[in-house]
Every structure is written in structure tokens, then in C-alpha cells.
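Residues take their numbers from the sequence shown, with the count starting at 1.
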Amino acid sequence: MADKLLTIDEAIHMLRADPHYADLVRDAYFGADTQESADRFLQSGEFFEVERILKDTIRNATVVDVGAGSGISSYAFAMHGAARVYALEPDPSDLVGCGAIERIRGNLPIEILRTYADDITLSDASVDIVYARQVLHHIPPVTKAAWLEIMRY
């Protein structure tokens, strides 16, 4: 068992079940209630800094959230006035993937792109903001194709 690698879902379940990791689960927005996690991220110091850096460019922007995970960043951008958010997420998981995004997007202008960063199908220069939060370590090694795709926007 010690040599077996956990899936992301298995790791999340393990962390949630162990009270020693309660702070990590909260701080990483991995709570069982995805909507609550998204609302906390929306009000977080982390997203406040994103807003501070981007200033008024979020309003009416088209955003690509690369490696959207559970969609908390996509949700925050949409709630702050982005006209369209593409949640780029290949993982179908209900915990940290497309299933979680489906639950929180409601009527917000969030479209899920179920693909990887090296296969984005959007037109060149069609995006105002490319956002990548806690994702680059999931692209081992970060491929030249992924960087070229991201830079097209």
C-alpha cells in the first residue's frame, strides 16, 4: 500500500477524513461543500490580490481559467463581472473537476472546456485574461505545446 499512488479524489477523501488536515482542507478550498469553498475563495485575500492586480480588467472580460479544478476561480471571476469564463479542466471528478464546476456555476457565464492546456480550441487573441492557479505542477513537464497554447490568448 505504501507504494501505491493515490488518485486526486482518494487523496481529497483521505485529507477530509483526517482531523489533522482540517486546516489544509479549509485553506486549500477542498471542503465537501464546493459552493461554500467557492464563496470563501471569492472573499479571500488571495482573490483580493488578483482583483488588485487586474483592477477593472475583470469586468466584461473573457477569462480562461487553466486547470480550473473545482471551479472556485472561475466562479470568482464570473461573480466579479467577467462576461465569459472558460473553465479549462480535463478531470471529470465530482470533487475537484468538471462535476464540481457543474454544481457551482449555476447561471453564471462559465463554460467548461474538458481538455488539457496543450489542446485549447479557442481562437487566437480571443481571451483577455489567462489565469492559472495551482495547476502548473499538474503539467509535468510543462510542455512547450501548453505554453504556446496559453500564449495565443
Side-chain angles (χ1 to χ4, degrees), residues 1-54 58 62-80 82 84-122 127 129-153:
M1 179 73 173
D3 293 325
K4 181 185 179 256
L5 292 177
L6 299 175
T7 67
I8 294 173
D9 284 1
E10 289 170 336
I12 298 298
H13 283 298
M14 182 193 74
L15 290 171
R16 286 179 181 169
D18 189 333
H20 291 100
Y21 294 107
D23 289 343
L24 173 64
V25 169
R26 181 193 67 240
D27 295 343
Y29 307 98
F30 287 149
D33 184 339
T34 308
Q35 185 64 59
E36 187 273 335
S37 293
D39 289 332
R40 276 191 314 103
F41 181 74
L42 177 64
Q43 300 299 318
S44 71
E46 180 181 342
F47 194 71
F48 175 81
E49 284 301 307
V50 170
E51 290 179 278
R52 186 185 65 75
I53 291 166
L54 295 175
I58 296 174
T62 298
V63 179
V64 171
D65 182 6
V66 179
S70 63
I72 62 172
S73 300
S74 298
Y75 176 83
F77 278 108
M79 290 295 289
H80 275 275
R84 170 171 261 165
V85 180
Y86 293 105
L88 180 71
E89 180 54 55
D91 189 338
S93 168
D94 285 335
L95 295 178
V96 291
C98 296
I101 300 168
E102 290 282 353
R103 283 196 310 279
I104 64 170
R105 74 177 175 174
N107 292 324
L108 294 172
I110 298 172
E111 180 179 334
I112 301 171
L113 299 180
R114 299 168 194 266
T115 189
Y116 292 91
D118 57 357
D119 191 30
I120 304 170
T121 58
L122 301 174
V127 172
I129 299 168
V130 176
Y131 185 75
R133 177 185 181 270
Q134 297 184 353
V135 68
L136 296 181
H137 62 283
H138 289 288
I139 311 173
V142 177
T143 64
K144 182 177 179 181
W147 284 117
L148 290 174
E149 277 296 293
I150 290 167
M151 290 170 39
R152 285 192 314 118
Y153 307 102

Open item on the list: L95 vs R16, test: side chain to side chain contact (heavy atoms under 4.5 Å, CB included). Steps then yes/no.
Closed with: CA-CA 11 Å; L95 295 178; R16 286 179 181 169; 3.3 Å; yes
- [ ] Assess whether side chain to side chain contact (heavy atoms under 4.5 Å, CB included) is satisfied between L108 and V85, documenting all intermediate values.
- [x] CA-CA 9 Å; L108 294 172; V85 180; over 6 Å; no
- [ ] Go through the steps for Q35 and D39 under the test side-chain hydrogen bond (donor to acceptor under 3.5 Å, both in side chains), then give the verdict.
- [x] CA-CA 6 Å; Q35 185 64 59; D39 289 332; 3.2 Å; yes
TODO: Step by step, work out the side chain to side chain contact (heavy atoms under 4.5 Å, CB included) result for I110 and D65.
DONE: CA-CA 10 Å; I110 298 172; D65 182 6; over 6 Å; no
- [ ] Give the intermediate values and the outcome of side chain to side chain contact (heavy atoms under 4.5 Å, CB included) for residues I120 and Y86.
- [x] CA-CA 10 Å; I120 304 170; Y86 293 105; over 6 Å; no
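In terms of heavy atoms, V63 sits closest to A82 at CG2-CB, 4.0 Å. Heavy atoms only, all atoms of each residue included: I101 and A68 are closest at CD1-CB, 4.0 Å. Here the closest heavy-atom approach between residue L42 and residue A76 is recorded as CD1-CA, 3.7 Å. For the residue pair D9 and S93, the shortest heavy atom distance occurs at OD1-OG, 2.6 Å. When every heavy atom of C98 is checked against every heavy atom of I112, the shortest pair comes out as SG-CG2, 3.6 Å. When all heavy atoms of V127 and T62 are compared, the pair lying nearest together is CG1-O, 3.4 Å.
Applying the ring pair (Phe, Tyr, Trp, His ring centres under 6.0 Å) criterion to Y29, with sequence neighbours excluded, gives F41. Here R103 pairs with nothing under the salt bridge (Lys or Arg N to Asp or Glu O under 4.0 Å) rule; sequence neighbours left out. E36 pairs by the salt bridge (Lys or Arg N to Asp or Glu O under 4.0 Å) definition with R40, not counting sequence neighbours. Remark: H13 pairs with no residue by the ring pair (Phe, Tyr, Trp, His ring centres under 6.0 Å) rule, at least two apart or across chains. With sequence neighbours left out, M14 forms a side chain to side chain contact (heavy atoms under 4.5 Å, CB included) with L6. Qualifying side chain to side chain contact (heavy atoms under 4.5 Å, CB included) partners for D23, counting only residues two or more places apart in sequence or in other chains: R26, D27.
Residue I8 holds its CD1 atom at 5.5 Å from CG of D91, rounded to the nearest 0.5 Å. How far OG of S37 is from CD1 of I104: 9.0 Å, rounded to the nearest 0.5 Å. Note: Y131 OH to S74 OG = 10.0 Å, rounded to the nearest 0.5 Å.
Under the 4.0 Å criterion applied to side-chain N and carboxylate O atoms, R133 and E49 are not assigned as salt-bridge partners.
Using cut-offs of 30° and 60° on the angle between ring planes, the pair F77 and F47 is perpendicular.
In this structure, E89 contributes its side chain and G69 its backbone to a donor-acceptor pair below 3.5 Å.
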